[in-house]
Amino acid sequence: MLCAALPLLWLPLAGAAATEEPTPEPGSPGEPPPGLALFRWQWHEVEAPYLVALWILVASLAKIVFHLSRKVTSLVPESCLLILLGLVLGGIVLAVAKKAEYQLEPGTFFLFLLPPIVLDSGYFMPSRLFFDNLGAILTYAVVGTLWNAFTTGAALWGLQQAGLVAPRVQASLLDFLLFGSLISAVDPVAVLAVFEEVHVNDTLFIIVFGESLLNDAVTVVLYKVCNSFVEMGSANVQATDYLKGVASLFVVSLGGAAVGLVFAFLLALTTRFTKRVRIIEPLLVFLLAYAAYLTAEMASLSAILAVTMCGLGCKKYVEANISHKSRTAVKYTMKTLASCAETVIFMLLGISAVDSSKWAWDSGLVLGTLFFILFFRALGVVLQTWVLNQFRLVPLDKIDQVVMSYGGLRGAVAFALVILLDKTKVPAKDYFVATTIVVVFFTVIVQGLTIKPLVKWLKVKRSEHHKPTLNQELHEHTFDHILAAVEDVVGHHGYHYWRDRWEQFDKKYLSQLLMRRSAYRIRDQIWDVYYRLNIRDAISFVDQGGHILSSTGLTLPSMPSRNSMAETSVTNLLRESGSGACLDLQVIDTVRSGRDREDAVMHHLLCGGLYKPRRRVVCLNQDPNKAHILHLYKASCSRHFISEDAQERQDKEVFQQNMKRRLESFKSTKHNICFTKSKPRPRKTSRKKDGLANTEATNGKPPRNLSVQDTAAVILTVESEEEEESDSSETEKEDDEGIIFVARATSEVLQEVKVSGSLEVCPSPRIIPPSPTCAEKELPWKSGQGDLAVYVSSETTKIVPVDMQTGWNQSISSLESLASPPCTQAPTVTRLPPCPLAAEEPQHPFNLPYDPRPSFAFPPSLAKAGRSRSESSADIPQQQELQPLMGYEDRTHLSPGTANSHWCIQFNKGSRL
Amino acid sequence: MCHPPPAVREDESVGWSWGGQELGPDECMNGLDLVSHSQITRLYSRFTSLDKGENGTLSREDFQRIPELAINPLGDRIINAFFPEGEDQVNFRGFMRTLAHFRPIEDNEKSKDVNGPEPLNSRSNKLHFAFRLYDLDKDDKISRDELLQVLRMMVGVNISDEQLGSIADRTIQEADQDGDSAISFTEFVKVLEKVDVEQKMSIRFLH
């Protein structure tokens, strides 16, 4: 590991050495002004940031090296390794520069290194768990810390009185109390570093960790009070000063928390209005949290408490307000910064320990301190737990107490505080520094190393990371409601009562105030879980699905004329066709050969596997839209906008489609549903539809549907770019419109043929599959020829199967209506329960006629892939799902009934518009 | 399983008899026998203060008068759970029996003899209490419709019906093992096996 770190270390050292020599300043008096220098060495100008960057780089590289070996990191906590690395580096620095450099400066530590760690832990604190155990956490943090400080300080003083501490350590009782106060606090950085690798159960973790965060207030107060007492001199301390000390405990802790909450409020409120400047969202989070820290620090309140409360308080609203990408950005930046700071802290701790000028060793003091902090920590934990267990629903057992006692790690906070001591006022400072270093090293290295085996040996309940399930979420909500209700009935205003009250208040006022309206509307935990589960499934599906698509592409090489079509993205195709060009499928209707089958295969593949690219479709022949398009392009070029919407929506579509499929395949494989029960649709229906199509076409309406559709698409894009709030509602509406027209028309037809019995509201939706017609052996788009499936335009340039596009529209919009984020303004769909397509189509794999013929028209590779992934029983459903629209055909045939009626109604809409 | 208590008692002193001899023989009460005397006193005074009709029993209206319960999304269901099937009144015994579900499980109870009747606050009974809130038609299955009703109560009004339906579908799929598109009690217990029900369905007050 050193080989990686060493060269990097030499560079700043060499540079630092260079700066020490008096370098001739350009233009200094007495020297002729030098000519134009080709090369100038300006180390001192970049020295500070350069060194910072280098140290972080060294630390990161060291981390990489550590993690090269799994064995090492599984045995030794990273913090130990970093401290040891720091020791080595410090030794090298000492040897080279002959003086200790690059130590952990208290100022740097408190202003730059600590905030990211605390923010990270506060922001990602599991708030429910935290508040569930708040009582215990507060007890340990306040009472425990006070107890530790006073007992340790007093015991050390006693040790000195007993003569076990060398007389050269000149310290009064007050000095020892001061030392006790800074050495007693459990350190959040160290606890986090060690416990994150141990994985004890959640309750235990939150108690130890919460304590380490919240005890900061107590530590700060104790330290400041003792420090000022020491500076005043113990003789001058009045009784009122003690009272003030007690009062300042409340001021510092409550004040810090208040500052944090105020900034959390501001932060949430600010992010409510960032919808047009998404890019600064992550920045805002960090800025305001840091501002909270600095404000609290400025007012000498507890800064750690402030940032913790800020992170804890704002998270819910901020997460709801900011975009998905900003959320990721916040998460990763926060984690990166925290991990960086932690790494640097431990490494600098190691380096600082090398500086022997600060050391003054006294074995009695060091050993005594070590013993007392361990002993009093354990004693305190046992006593407090005994009291707490009288009130706790789930008592903390002995093993928990052992881990809690042993997990009381001290860290950099203590070190920084001890460095801050004034040597003139505290003559024993050097001894205290040495002792603190030993204590920190002992707890981090020895306890950090042994806690994992200890936890294993004691069989401490570990945390189980199981996937959250919808059932759990739902039922736990039920439990909460039940408990709140029971407390109401009993008339006991306990924890559940107040939680319920808070939730009501939050829902009624706070969330409304702090969340943007669109986020507030869809804010629901159960929905959130559902959504997240879907996303996770989608990701895993895409991981698998990618290879299906690509392999299919590879196995279709015999498409010379259509290769370009396969390669050109469908997006392009449609964009071009959208520019007024319409489709003439009869042009290619010359040869019926194997190529046709491939066409069909391609067609199904596209229908099933691709997202609907209509949003990129740009219609250039409508002037108002041009402006929109220009705006669009401008927006995507500008760095102030992240034009995420188009891409995101497409992702969403892909996701939704895939999700649906997976869901269906899940259903069908699990329940082994047989598809033979659906009834054939009466022929009359299709004829009726054909008639419709006929009349429509013979009416002589120009086939304008595409351009109209495209216009809508453009508007959609612009809307989603500009107006996010309406995005979720209005675009949904727009999207749904396609279905609605279709749906109405179809249901009309269905009603005419008196099959409305199948149009009952959803529970078991049923679609009436068309009976196979005489056009059996034709391509989907060709099957409808006689029924005007194909539109001919004068500007024929491109070939796009019409029903393919409408097919996309239908399948996708119906999926969107099902899986899209909730919107209140999709009334048309909900208003029309018997709408067979909007509500029922997504389910149709259930009801499709199942044709087990082996010559199922599928890309062989697809079928192969399907078979390789699932059992053969799951095979056919899956195949069917891959063609959500045209699933009811067999071989290369698409029965004209449904598809034709779909698009002809779509046309209907177009001409109506 | 416990059966509904015997006839409603008009006896004002019914609350006091729990500490006495009546408690022992009634095996249905063995979830209650650890409730302290003072606890019973407190609950009894709560009972009487809820009992506006002053007839020793509570009606649904008595419960609905509790303001917080009125805004609880599951309030009505929970009120119903207090009433034995087909009855409109609940006496103190029934009141206590329902509350007994939420008593925390003590350590010494865990090691109790397995042969005895299951206490009301056992994990299984706690779960069954929750299960009954879903299962309206009492067929020991949560159907999609029943789940949808509960979901409708719990999630905001802004979630559309289809979305709710897909949530319900997924929930059932997750839990369903026998393919009947409904969640039976066994399946219900199974999906919650990793949840600390003992803790999440207990109230310290009822210690």
Side-chain angles (χ1 to χ4, degrees), chain A residues 391-395 464 466 469-472 474-492 494-497 500-501 504 507 520-527 530 533-534 663 666-667 670-672 762-763 817-824 826 829-830 838-839, chain B residues 43 46 49-50 63 66-69 71-75 78-79 82 98-99 102 104 107 129-130 133-134 144-145 147 150-151 154-163 165-167 169-171 173-176 179 181 183 188 191-192 194-206:
Chain A
F391 301 98
R392 274 183 73 84
L393 191 61
V394 184
E464 313 159 349
H466 48 261
T469 63
L470 210 52
N471 274 288
Q472 270 183 28
L474 175 65
H475 300 322
E476 283 180 18
H477 269 263
T478 314
F479 294 164
D480 287 348
H481 287 308
I482 292 174
L483 289 193
V486 169
E487 284 201 351
D488 295 336
V489 167
V490 177
H492 170 65
Y495 173 68
H496 299 285
Y497 172 85
D500 204 46
R501 284 290 81 72
Q504 299 281 353
K507 203 171 174 183
Y520 176 68
R521 271 210 313 266
I522 63 162
R523 192 74 188 159
D524 188 272
Q525 280 160 312
I526 297 172
W527 173 260
Y530 175 70
L533 285 174
N534 274 355
L663 206 67
F666 178 54
K667 264 187 200 165
K670 194 167 174 191
H671 300 160
N672 233 337
C762 307
S817 74
L818 231 119
S820 60
C823 69
T824 40
V829 181
T830 49
Chain B
L43 286 173
R46 175 68 180 171
S49 75
L50 286 177
F63 280 104
I66 303 171
E68 294 87 5
L69 212 52
I71 52 172
N72 193 316
L74 297 178
I78 294 160
I79 292 173
F82 276 89
T98 307
L99 291 181
F102 303 99
D107 279 342
F129 185 90
L133 293 190
Y134 293 95
R144 186 176 187 272
D145 280 342
L147 192 61
V150 175
L151 275 170
M154 300 219 315
V155 304
V157 285
N158 301 307
I159 310 284
S160 74
D161 283 341
E162 288 97 78
Q163 290 157 344
S166 47
I167 295 182
D169 283 338
R170 179 155 187 150
T171 311
Q173 277 170 34
E174 250 179 30
D176 196 9
S181 295
I183 303 176
F188 187 76
V191 289
L192 291 173
K194 284 185 179 152
V195 177
D196 194 359
V197 178
E198 291 89 343
Q199 185 182 352
K200 288 185 172 159
M201 281 286 276
S202 300
I203 294 179
R204 241 213 63 84
F205 173 74
L206 297 166

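First the proteins, then the strands, lettered A, B, ... as listed; each starts at 1. Because the structure is predicted, anything quoted here is derived from the model rather than measured.
Looking at A:Tyr497, the atoms closer than 4.5 Å to chain B (heavy atoms on both sides) all sit in the side chain, from C-beta outward.
Proximity of B:Leu151 to A:Leu474: side-chain heavy atoms (C-beta onward) are separated by under 4.5 Å at one or more points. You'll find the side chain of A:Asp488 stays beyond 4.5 Å of the side chain of B:Phe63, heavy atoms only. At least one side-chain heavy atom of B:Glu174 sits less than 4.5 Å from a side-chain heavy atom of A:Leu533. The shortest distance between side-chain heavy atoms of A:His475 and B:Phe188 falls below 4.5 Å.
Ranked by heavy-atom pairs shorter than 4.5 Å toward chain A, the options B:Ile66, B:Val191, B:Ile167, B:Thr98 are led by B:Ile167. Per-residue counts of heavy-atom pairs under 4.5 Å with chain A were compared for B:Val150, B:Leu192, B:Ile183, B:Val197; the largest is that of B:Leu192. Counting heavy-atom pairs under 4.5 Å between each of B:Leu133, B:Ile71, B:Leu50 and chain A puts B:Ile71 at the top.
We find the CG-NE2 distance between B:Leu74 and A:His477 to be 11.0 Å, quoted to the nearest 0.5 Å. Here the straight-line distance linking atom NZ of B:Lys200 with atom CZ of A:Phe479 works out to 8.5 Å at 0.5 Å rounding.
Counting all heavy atoms, side chain and backbone alike, A:His481 lies closest to B:Asn72 at O-ND2, 3.0 Å. Annotation for A:Ile482 and B:Ile78: closest pair CA-CD1, 3.6 Å, computed over non-hydrogen atoms.
For the residue pair B:Tyr134 / A:Thr478, a side-chain donor-acceptor distance below 3.5 Å is found, with atom types taken as modelled.
Between the side chain of B:Arg170 and the backbone N or O of A:Tyr530, no donor-acceptor pair lies under 3.5 Å.
By the side-chain contact (heavy atoms from CB on, under 4.5 Å) test, A:Leu483 pairs with A:His496, B:Phe102, B:Ile203, sequence neighbours left out.
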